[in-house]
Amino acid sequence: MQSGNPVSKRQDCAVVIIGAGPCGLMLAIELGRRGVATVVLEEKATPSRFPSANATQARTMEHYRRLGFAEKVRAKGLPPDYPTDIAYFTRYTKYELARFSLPSAREARMIVKTLSGSWSAAELPHRVSQIFVEDVLREEAAALPSVSLRPGWRMTAVGESGTGVEVDAERADGSKRTTLRATYAIGADGGGSPTRKALGYNLVGERGVQRDFMGGRMFAIHFRSPQLYDVLPHARAWMYWAVNRDRRGFMASVNGRDEFTFHTQLKPGEQPEQIPDAQAKAMFQTALGAKLDVEIIARSAWHAGYTLVAEKFQSGRVFLGGDAVHLFTPTGGLGYNTAVEDAVNLGWKLAAVLNGWGGPALLDSYQIERQAIAKRNTGYARTFADSVGLLVPPAELEDDSPAGEAARKQAGDHFNYHARFEFNIPGITFGGRYDRSPIIVADGTAPPPDKPNEYAPTACPGGRAPHLWLADGRSLYDALGLEFTLLQLGERPADDTPFRAAAAAMNIPLASVHVPGDEARDLYQADLALIRPDQIVAWRGNTPADAASVLRRTAGHL
Ligand SMILES: Cc1cc2nc3c(=O)[nH]c(=O)nc-3n(C[C@H](O)[C@H](O)[C@H](O)COP(=O)(O)OP(=O)(O)OC[C@H]3O[C@@H](n4cnc5c(N)ncnc54)[C@H](O)[C@@H]3O)c2cc1C
């Protein structure tokens with residue numbers, strides 16, 4: 001695929017992943033756990049240290065738990081007792097308008113065991129900067145013998161060749177080149193995705209939306225200030241929003257001590273690269289409502305207002321995941337979380353095919369399942385951006401007068417509603433479904449309506465397996481196998497022999513788990529349920545009679 005300079009060629013892996021962001025690293029972990037030889041190319045020689053994403057959703061934490069490192073992630077970021085409140089102010093040192101109080105990491109671990117209904121879960125969300133999560137993901141991926149991380153290597157060309165793929169790569173400084181031959185390649189290479197461009201796919205949807213806030217060019221600083229908490233007169237929060245007519249912004253606490261990020265929307269004529277540090281600090285001080293010098297650690301610029309999904313997620317042996325196929329306004333905190341779930345979905349399927357038990361329909365189901373979720377989630381993020389960003393602060397909002405007080409009450413009501421709308425989203429995080437997937441065996445029941453703030457646990461095939469805590473204190477998810485699991489629900493276990501026999505005949509790894517008690521049987525509304533490796537209900541029923549055809553279909557042999 002390349003010409004010119006000396007080339008050292010190697011053919012050494014099953015999968016090449018392009019990009020070591022959250023999507024690429026999580027995919028490497030899913031593949032590495034299953035022994036798949038995987039190379040991850042990452043053009044950056046050292047990881048980015050700008051803390052972009054702040055929110056790891058509960059479903060993502062459940063996947064980290066499945067892979068055994070949720071506790072490592074929960075230990076990162078804010079101190080264990082730091083509250084994760086979201087609070088709204090005119091300026092950070094002035095009037096508080098609204099607050100949504102949320103638990104600290106320590107409390108989250110305890111509370112989750114007592115919750116039911118919408119928050120019936122193995123894990124609650126965790127508020128932590130992406131840089132810390134990526135540190136854990138990188139560590140986990142690097143520890144897997146079949147995974148090779150190659151920082152400082154840029155993919156320059158990717159395409160199919162005969163029965164596999166070829167990926168050209170060069171050292172970021174141009175000093176070396178190589179061609180990797182593999183069975184599959186995955187572009188997890190971010191919003192500008194060179195892989196997506198090489199495949200010729202466009203991102204389709206909405207861009208260039210203008211809002212008073214969260215609709216336009218954004219500018220961010222990562223800064224250090226050991227004094228900031230001393231000047232904030234309000235209770236601590238994880239995220240602080242400033243609502244005024246001079247300078248709107250949001251600020252997240254990075255380590256609960258002295259590091260923060262501040263994001264603001266640029267006004268017409270302001271160019272991020274032309275903003276001197278003094279002006280960047282002044283922007284922050286306007287939102288703070290006080291003079292306080294801070295030390296700028298890093299700067300960044302990004303765009304708010306995208307609702308974009310790629311036309312296709314796959315071309316033959318080349319797949320795309322993460323920001324490469326969906327771009328969000330970060331309201332709701334869904335971009336990285338959706339990227340991780342792409343990796344979870346694709347990981348077990350690729351490994352199943354490479355390990356010989358998965359059929360071709362598994363790989364075709366990736367786009368069908370994940371594109372629908374990308375459209376759903378980007379749509380939800382857009383409604384959050386409208387809710388927070390279309391409200392224009394009234395002129396009297398900061399006045400020390402009855403009119404000012406009334407305006408603050410009205411804004412407070414809005415943000416008290418908005419905070420719960422945007423940040424209490426069990427429906428989004430647990431309620432994503434794969435109803436139109438060819439590898440799900442529908443049972444004729446209808447799933448509950450899709451709502452962002454409510455999740456109704458259901459074992460209707462195509463959705464997340466309903467969670468419960470077992471009598472021994474473990475999460476049901478801790479009892480599931482790495483690949484498929486057949487749940488036998490209720491006091492007297494239904495016969496699992498036909499499933500075991502069919503799985504053995506097709507070499508499909510299947511664990512069988514008996515969950516006694518009426519609670520489990522009632523929750524699943526069936527005696528048996530087949531759970532996929534990504535904890536999605538693939539089938540449920542009361543008799544194992546169709547075991548062979550169920551397994552054939554759910555393992556992609558249509
Ligand atoms: C301000 C802000 C706040 C956010 N907050 C949240 C939040 O709270 N929750 C949330 O879920 N999401 C949030 N996001 C979104 C989140 O940061 C992204 O969705 C996430 O990083 C996507 O992960 P990814 O792995 O798909 O892509 P990326 O993180 O972009 O990783 C792609 C990687 O590919 C590498 N790469 C690119 N080209 C090549 C090449 N040719 N060869 C080799 N490597 C290459 C890049 O260097 C990069 O490391 C936020 C984003 C912003 C900007």
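This one's a predicted model, so the numbers in the text were calculated from it and none came from an experiment.
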* **Proximity of Phe69 and Tyr64 rings by center, below 6.0 Å** => yes
* Look at atom CG of Asp173 and say whether more than 12 heavy atoms of other residues, nucleotides or ligands are closer to it than 6.0 Å. => yes
* Asked: Do other residues, nucleotides or ligands put more than 12 heavy atoms under 6.0 Å from the CD atom of Glu405?
  -> no
* Asked: Quick one: are the ring centres of Phe223 and Phe284 less than 6.0 Å apart?
  -> yes
* Is it the case that Arg196 places NZ or CZ above or below the six-membered ring of Tyr201, under 6.0 angstrom from the centre and within 45 degrees of the axis? -> no
* Asked: Honestly, is Arg317 close enough over Tyr184, meaning NZ or CZ under 6.0 Å from the six-membered ring centre and within 45° of the axis?
  -> yes
* Sidechain N-carboxylate O distance under 4.0 Å for Arg65, Glu71 -> no
* Asked: Around atom CZ of Arg420, are there more than 12 heavy atoms of other residues, nucleotides or ligands at under 6.0 Å?
  -> yes
* Would His63 and Asp534 count as having a side-chain donor-acceptor pair, cut-off 3.5 Å? -> no
* Would Thr60 and Asn337 count as having a side-chain donor-acceptor pair, cut-off 3.5 Å? -> yes
* **Arg433/Glu369 salt bridge by N-O under 4.0 Å criterion** => no
* Asked: Salt-bridged, Arg177 to Asp168, with N to O below 4.0 Å?
  -> no
* Exceeds 12 heavy-atom contacts within 6.0 angstrom, atom CD of Glu206 -> yes
* Less than 4.5 Å apart, any side-chain heavy atom of Thr264 and any of Arg248? -> no
* Do side-chain atoms of Arg59 reach the backbone of Thr338 as a donor and acceptor pair under 3.5 angstrom? -> no
* Donor + acceptor pair across side chains of Gln285, Arg91 (<3.5 Å) -> no
* Without hydrogens or angle criteria, can the side chains of Ser387 and His418 be said to hold a donor-acceptor pair below 3.5 Å? -> yes
* Would you please say whether a donor-acceptor pair under 3.5 Å links the side chains of Thr156 and Arg154? => no
* Asked: Is there a donor in the side chain of Tyr82 and an acceptor in the side chain of Arg127, or the other way round, less than 3.5 Å apart?
  -> no
* To do: Could you tell me whether the side chain of Thr329 and the main chain of Thr331 form a donor-acceptor pair under 3.5 Å?
  => no
* For a ring-ring contact (aromatic ring centres under 6.0 Å, His included) with Phe260, tell me which candidate from Tyr240, Trp238, Tyr229, Tyr92 qualifies. => Tyr229
* To do: Could you tell me whether the side chain of Glu42 and the main chain of Gly152 form a donor-acceptor pair under 3.5 Å?
  => no
* Asked: Among side-chain atoms of Asp189 and Thr195, is any donor-acceptor pair under 3.5 angstrom?
  -> yes
* Below 4.5 Å, heavy atoms only, C-beta onward: do Glu398 and Arg245 meet side chain to side chain? -> no
* Asked: Within the side chain of Glu270, is there an N or O that forms a donor-acceptor pair under 3.5 Å with the backbone of Pro272?
  -> no
* Asked: In a check of ring-ring contact (aromatic ring centres under 6.0 Å, His included) between Phe415 and each of Tyr88, Phe89, Phe421, which one passes?
  -> Tyr88
* Asked: Would a distance-only check, ignoring hydrogens and angles, find a side-chain to backbone donor-acceptor pair under 3.5 Å from Asn377 to Ile428?
  -> no
* Asked: Would Glu123 and Arg74 pass as an ion pair if we require N to O under 4.0 Å?
  -> yes
* Check: Lys291 side chain, Ala282 main-chain N or O, donor-acceptor pair, under 3.5 Å -> no
* Taking atom NZ of Lys409 as the centre, report whether more than 12 heavy atoms of other residues, nucleotides or ligands fall under 6.0 Å from it. => no
* Asked: Is there a donor-acceptor pair closer than 3.5 Å between any side-chain N or O of Ser129 and the backbone N or O of Phe132?
  -> no
* Asked: Under 6.0 Å between the ring centres of Trp119 and Phe430?
  -> yes
* Asked: Side chains of Tyr336 and Thr56: do they bring a donor and an acceptor to under 3.5 Å?
  -> yes
* **Separation between OG1 of Thr84 and CZ of Arg236, rounded to the nearest 0.5 Å** => 14.0 Å
* Indicate yes or no for a side-chain donor-acceptor contact from Thr378 to the backbone of Ala374 under 3.5 Å, with no hydrogens or angles considered. => yes
* Asked: More than 12 non-hydrogen atoms from neighbouring residues, nucleotides or ligands closer than 6.0 Å to NZ on Lys94, yes or no?
  -> no
* **Side chain to side chain, Ile186 and Val16, heavy atoms closer than 4.5 Å** => no
